[in-house]
Amino acid sequence: MTLNRRSLFLSAVLAATVQFGAIGFAFADITLLNVSYDPTRELYREFDAAFAAKWKADTGETVTIQTSHAGSGAQARAVIDGLPADVVTLALEADINAIAEKTGKIPADWRGKLPNNNAPYTSTIVFLVRKGNPKAIQDWGDLIKDGVQVITPNPKTSGGARWNFLAAWAWARAQNNGDDAKAQEFVTRLFEHVPVLDTGARGSTNTFAQRGIGDVLLAWENEAFLALDELGPDQFDIIVPSISIRAEPPVALVDGNVDAKGTRKVAQAYLDYLYSQEGQKIAARHYYRPFQTEGVDPADLKRFSDLQLATIEDFGGWKEAQPAYFGDGGIFDQIYTQGR
Amino acid sequence: MVLDIPADRNVAPRSAVTESPLTRMVLIALALGFLLLFLVLPLLAVFVQAFAKGVDAYFAALALPDSLAAIKLTLLVAAIAVPCNLVFGVAAAWAIAKFEFKGKAFLITLVDLPFSVSPVISGLVYVLLFGSGSLLGPWLTSHGIQILFAVPGIVLATIFVTFPFIARELIPLMQDQGTADEEAALSLGATGWQTFWRVTLPNIRWGLLYGVLLCNARAMGEFGAVSVVSGHIRGLTNTMPLHVEILYNEYNFTGAFAVASLLALLALVTLIMKTLLELRYSRAGSLSTPH
């Protein structure tokens, strides 16, 4: 080789650096970061666009909303580790409490700063089964029949999974006249029927729907409807159990971050807009039960079936339920190691 | 480094094979079958899925702002990580192969560390180092420096994971070549710098390019470590592998496989260049060593 040796290597390296070095990111006037949980992707895609349009019309400012989605517990962890969220819209109160306790970026009394315990929409837990319901699953009791495989994510990392867990518990408790020991026995047997624990709700949906594992998926109502929409109503049926739980996915302003970034006003407006008629309409369209039904399309409302709903208060609220059921060494840890 | 291809011509090469033609055919069929099943078909499936809704849908999926941002970020990260590891790899290999010093074995082990550590851990160490709860975290925050959940964190994690590729490629090569050439150059009056540019570097050029290629492929394809430090902000901190997962999870299969096909294409290009380099390498190797 008689090439100029110096240029041989440098040219290759320099070409790459110069070519890509100039890439930067264009920022709009204001950016908001909404750190959310798994199944809200479609909801916030539409809501963010609606809010940006409204903010532009009201103030003339351009706001770009960035979103991040993963398991609710994992997202809370990321915010604790420093992910600069302006608002968090997570699957359950306990995850926002964790941020408040560990960082102080959210005040301890955040719950109640917005209407309806900071939950602009609610949901519940239903069953998604394969078309025609071949295993004849009608209620929670059918889930522990021989040969039934149940798909649910890991309650340690997924908010939806914790609602699944508590909904099952609520049903068993009602069946046994409030006997918690019997309820624990049922939930233990239920988890013996779970072949795989994904980290988030969407992962479980994919395990069930794409990979074809399991006979029944315990899912957010909105997630179950979305799976029907996206993957075809000819593949799955939704089964509504006799008792489920009223899941309240809360939202909160991350005070510490919005003050540091100077985005308090727009972040607050963003959360308030969730409670507006337009926000509620969008939530209902994406299969979340709206907080108030005025102005919401009745056709959307008709899709939500009436059923008996337990609430988190039946478990002493999240402050008690979280450590008791899902903390280290809590009931879930006990039954899961026992079940294996 | 002496190739034995010319020597083979004088010996009767066929005598070595004693298996019957049938055994040979079965073995070859088995090997090809495995390749087809585990390599070619999955690769094909990626492209089939990507083009399932037509060529227009394919390019439309790639032209989405979030996809473009992911592609740009991946290129940017590789463009920073690879040169960093290039400099480090050459320096480490040079030090290890050409000098004798205490703790050399330990240094080699350290260079190999990222290979033996799970990528998730590689990401978590940066969370522990730069996270809000860490020692450095509060200082970084008060100075407005965002490392975690931003581009710097992704670059750091990528550098960590791709650390050994170039050094590992060069160390055996340089050890093999010994220090004779360098000693000759120095004894003829060349400075250390001149020796490096005119003697050492040309000797290792093909090995180096090979290492850069592998390093680049991994830098663009890394998932685990980057996933931990990325924060998954759409259009901002999602690299291509992360974006594939996100699109897949959103039932956007065309988009997911379109981006995946780019990564697969990268793998194919790497493979072809690697083969070309190997050809080059073996020819150049026999030319450059005996001076």
Identify which part of [X] has an atom lying under 4.5 Å from any heavy atom of chain B, answering side chain, backbone, both or neither.
| X | value |
| --- | --- |
| A:Arg45 | side chain |
| A:Lys105 | side chain |
| A:Ala227 | both |
| A:Leu231 | side chain |

Taking 4.5 Å as the heavy-atom cut-off, does anything in residues 202-212 of chain A contact chain B, and if so which residues?
A:Arg202, A:Thr205, A:Asn206, A:Gln210
Quick one: closest heavy-atom pair of B:Ser132 and A:Gly82, and the distance?
OG-CA, 3.1 Å
Considering all heavy atoms of both residues, which atom of A:Ser68 and which atom of B:Gly231 are nearest to each other, and what is their separation?
OG-O, 2.6 Å
Supply the atom-to-atom distance [X] [atom1] to [Y] [atom2], rounded to the nearest 0.5 angstrom.
| X | Y | atom1 | atom2 | answer |
| --- | --- | --- | --- | --- |
| B:Leu236 | A:Thr64 | CG | OG1 | 10.5 Å |
| A:Ile65 | B:Arg234 | CD1 | CZ | 13.0 Å |
| B:Thr237 | A:Gln66 | OG1 | CD | 8.5 Å |

Residue from A:Asp38, A:Asp81, A:Leu33 scoring the most non-hydrogen pairs under 4.5 Å with chain B is A:Asp81
Contacting moiety of B:Leu128, where chain A heavy atoms sit under 4.5 Å
neither
Do other residues, nucleotides or ligands put more than 12 heavy atoms under 6.0 Å from the [atom1] atom of [X]?
| X | atom1 | answer |
| --- | --- | --- |
| B:Leu188 | CG | yes |
| A:Lys131 | NZ | yes |
| A:Lys261 | NZ | yes |

Residue pairs passing the ring-ring contact (aromatic ring centres under 6.0 Å, His included) test with at least one member in residues 231-253 of chain B, sequence neighbours excluded, are B:Tyr248-B:Phe253
Could you tell me whether the side chain of [Y] reaches within less than 4.5 Å of the side chain of [X], counting heavy atoms only?
| X | Y | result |
| --- | --- | --- |
| B:Ile233 | A:Leu83 | yes |
| B:Glu250 | A:Glu42 | yes |
| A:His69 | B:Asn249 | no |
| B:Gln146 | A:Pro84 | yes |

Can you tell me which residue pairs pass the salt bridge (charged side-chain N to carboxylate O under 4.0 Å, His left out) test with a partner in residues 75-94 of chain B, sequence neighbours excluded?
none
How would you list all residue pairs meeting salt bridge (charged side-chain N to carboxylate O under 4.0 Å, His left out) that involve residues 219-232 of chain B, not counting sequence neighbours?
B:Arg218-B:Glu222
